[in-house]
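Scroll down for the structure; my scribbles are underneath it.
If you're wondering where the values come from, they're calculated on a predicted model, not measured in any experiment. Letters go in sequence order (proteins before strands), and every chain restarts at 1. All heavy atoms count here, side chains included; hydrogens, waters and symmetry mates do not.
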Number of protein chains: 2
Amino acid sequence: MPSTPLPDDTPAAEAQAPAAPAFSPLYQQIKGLILQSLEAGEWKPGEAIPSEIDLAARFRVSQGTVRKAIDELAAENLLVRRQGKGTFVATHAEQHVQYRFLKLVPDTGDRETADPAERNILECRRVRAPAEVARTLRLRPGDAVVQVRRVLAFAGEPTILEDLWLPGTAFKGLTAEQMAGYQGATYAMFELEFGVRMVRAEEKLRAVAADPGQARLLAVPAGSPLLSVERLAFTYNDVPMELRRGLYRTDKRHYRNELS
Amino acid sequence: MPSTPLPDDTPAAEAQAPAAPAFSPLYQQIKGLILQSLEAGEWKPGEAIPSEIDLAARFRVSQGTVRKAIDELAAENLLVRRQGKGTFVATHAEQHVQYRFLKLVPDTGDRETADPAERNILECRRVRAPAEVARTLRLRPGDAVVQVRRVLAFAGEPTILEDLWLPGTAFKGLTAEQMAGYQGATYAMFELEFGVRMVRAEEKLRAVAADPGQARLLAVPAGSPLLSVERLAFTYNDVPMELRRGLYRTDKRHYRNELS
DNA sequence: GAGTGGTCTAGACCACGCG
DNA sequence: GCGTGGTCTAGACCACTCA
């Protein structure tokens with residue numbers, strides 16, 4: 001029975017490519033099917049997915065196999081297990097997950113507690129994507145993108161100046177008001193207002209010197225060293241959905257990273 | 001039987017704290033026992049540990065339980081599974097794992113291929129630990145440490161200037177020649193020459209301006225922005241064993257990070 | 001107490017590496 | 001062909017949550 005095509009709810013649909021002998025474990029196939037349901041929106045962020053037993057029955061495999069599939073999805077932060085309650089679709093839109101990808105922390109007392117940033121939207125408009133941005137987001141050059149420029153201040157001090165570029169089609173109608181609401185939880189807003197869930201991101205870091213305009217916005221002398229952080233965030237299936245170019249002041253904070 | 005104290009080879013040794021009812025899964029206890037053997041050096045880096053079946057017999061549990069323990073240790077990069085061959089103690093001392101923790105990559109063509117760095121040891125001496133270094137490495141102020149200062153050059157260009165501090169007792173007798181040998185594989189050298197295996201690390205990143213001395217060593221104008229990377233590396237049991245303060249040129253390379 | 005995830009077991013079979 | 005890790009199953013029991 002194992003490693004044969006999987007019966008779903010509708011065992012009639014046997015879409016098999018006969019010329020692909022590639023072996024793949026059953027639990028990987030299950031993982032793929034769950035992923036499909038996730039992408040298709042069968043279960044929305046925050047909702048519970050069916051219990052392991054239900055899924056096992058649906059896919060006609062043992063509970064242990066479903067378990068292993070869910071384990072991997074949980075390890076990738078796509079699902080969240082809660083003992084006694086169920087397994088839930090991960091979401092940025094609840095609790096205090098704020099600053100999902102932000103690794104800038106105060107030098108003193110690693111506490112990331114509270115310290116709610118003030119956000120100042122400088123710009124939020126629809127533009128034609130510059131060539132490089134288009135390429136990075138896998139759009140055609142000249143496609144519409146939403147560009148946002150903002151400054152985040154911590155403890156009253158401007159600390160981060162960043163530009164965001166978002167694909168125009170997925171983020172049609174994004175307003176400065178929306179960006180300003182949802183304090184701190186930008187990715188939660190993307191989820192709730194546009195149904196776009198970011199799953200992972202890649203960052204490129206550099207040290208750069210502040211040009212006069214940047215220096216003014218961050219209240220530092222021109223030429224000051226700043227940490228440049230270029231982030232590409234992806235939804236399901238490694239589709240890039242956000243490009244961010246940030247400049248961080250690192251005089252009172254630092255970028256913290258764990259290696260293993 | 002589960003969740004009762006574990007019989008080891010010598011079931012006589014029942015070192016139980018009766019006042020600690022803390023529940024911990026069997027596989028976690030097994031993981032702890034394997035970890036102890038690892039720390040004690042029962043199996044050296046690169047060697048195979050006993051097969052799952054052997055370990056199951058030794059600890060009097062099922063193979064599945066051992067499996068889960070090993071799974072976690074493999075996920076933490078302490079063990080490496082190789083189907084058909086066995087499970088091995090992870091090591092820096094073999095193959096081409098070079099630059100274990102270095103995340104600086106060329107801007108063009110993400111290939112990290114070859115590009116062997118030239119290393120230039122500027123200094124390698126035994127000193128009394130400065131207060132801050134001592135605190136970070138959990139030594140007493142004034143304890144001996146080995147301090148190394150070096151410049152790494154890629155493609156002929158000086159790119160990284162870094163200082164290393166290593167606890168004097170564990171690294172007694174470290175010479176500049178040893179640092180210069182083992183091209184690129186510093187952590188491999190630590191393993192082979194001193195039996196110290198680094199397991200994980202934490203980094204703090206900042207943008208700073210080059211002072212005149214640093215600028216000269218890195219062949220950039222004074223005041224140029226540099227990426228400051230402070231790394232604390234740990235052996236087993238979260239014991240800090242190396243402090244590194246590096247300055248990276250990021251004009252042709254960048255620090256690459258993955259977030260999830 | 002019913003339902004959910006979490007642990008543990010025992011046994012079967014598969015894929016891989018190597019002699 | 002043997003031994004290793006890798007997958008899959010089926011069933012038992014435990015811990016947690018909530019009505």
Which nucleotide in C/dT7, D/dG5, C/dG6 has an atom nearest any side-chain atom of B/Tyr27: C/dT7
Whole Å only: how far is the CD atom of A/Glu52 from the P atom of D/dG11? 17 Å
Rounded distance (Å) that lies between atom C1' of D/dG5 and atom CG of B/Asp71: 10 Å
Side chain of B/Gln83 - closest among C/dC16, D/dT9, C/dT7: C/dC16
From CG of A/Asp54 across to C1' of C/dG5 the rounded distance in Å is 13 Å
Can you check the A/Lys31 NZ to D/dT7 P distance for me, whole Å? 12 Å
Taking the side chain of A/Val61 as heavy atoms from C-beta outward, which of D/dT9, C/dT9, D/dT4 is closest to it? D/dT9
B/Glu72 atom CD is separated from C/dC8 atom P, nearest whole Å, by 11 Å
Which of the following nucleotides, C/dT9, D/dG5, D/dT9, is nearest to the side chain of A/Thr65? D/dT9
Qualifying residues under side chain to side chain donor-acceptor pair (under 3.5 Å), relative to A/Ser260, sequence neighbours excluded: none
Rounded to the nearest angstrom, tell me the gap between atom CD in A/Gln28 and atom P in D/dG6. 13 Å
Do A/Arg81 and A/Phe88 form a cation-pi contact, if we require the NZ or CZ to be under 6.0 Å from the six-membered ring centre and within 45 degrees of the ring's axis? no
Which nucleotide, D/dT7, C/dG5, C/dG17, lies nearest any side-chain atom of B/Lys85? C/dG17
For the side chain of B/Ser62, starting at C-beta, report the closest nucleotide among D/dG5, D/dC8, C/dA10. C/dA10
For atom CD1 of A/Ile53 and atom P of D/dA10, their distance in whole Å: 13 Å
With sequence neighbours left out, the residues meeting ring pair (Phe, Tyr, Trp, His ring centres under 6.0 Å) with A/Phe234 are none
Can you find a side chain N or O atom of B/Ser51 that sits less than 4.0 Å from OP1 or OP2 on D/dT4? yes
Heavy-atom side-chain contact between B/Leu243 and B/Arg231 under 4.5 Å: no
With sequence neighbours left out, the residues meeting side chain to side chain donor-acceptor pair (under 3.5 Å) with B/Gln178 are B/Glu193
Ionic contact status for B/Arg244 with B/Glu230, cut-off 4.0 Å: no
Out of D/dT7, C/dG5, C/dT7, which nucleotide sits closest to the side chain of B/Lys68? C/dT7
Taking the nucleotide of DNA chain D with the closest heavy atom to each, which residue, A/Gly84 or A/Gln63, is nearer the 5' end? A/Gln63
Checking contacts here: which listed nucleotide (D/dG6, C/dG6, C/dT4) is nearest the side-chain heavy atoms of B/Arg81? D/dG6
Using five pairs at either end of the helix from C/dG1-D/dC18 to C/dC18-D/dG1, determine the angle between the two local helix axes and round it to 10 degrees. 10°
Taking side chain to side chain donor-acceptor pair (under 3.5 Å) as the test, write out the residues that go with B/Gln28, two or more places apart. none
For the pair made of CD1 in B/Ile30 and C1' in C/dT7, what is the distance, rounded to whole Å? 13 Å
Non-neighbouring partners of B/Lys31 that pass side chain to side chain donor-acceptor pair (under 3.5 Å), sequence neighbours left out: B/Glu72, B/Glu76
Distance test, side-chain N/O of A/Arg67 to OP1/OP2 of C/dG5, below 4.0 Å: no
From the options D/dC8, C/dG6, C/dC8, select the nucleotide whose nearest atom is closest to the side chain of B/Leu26. C/dC8
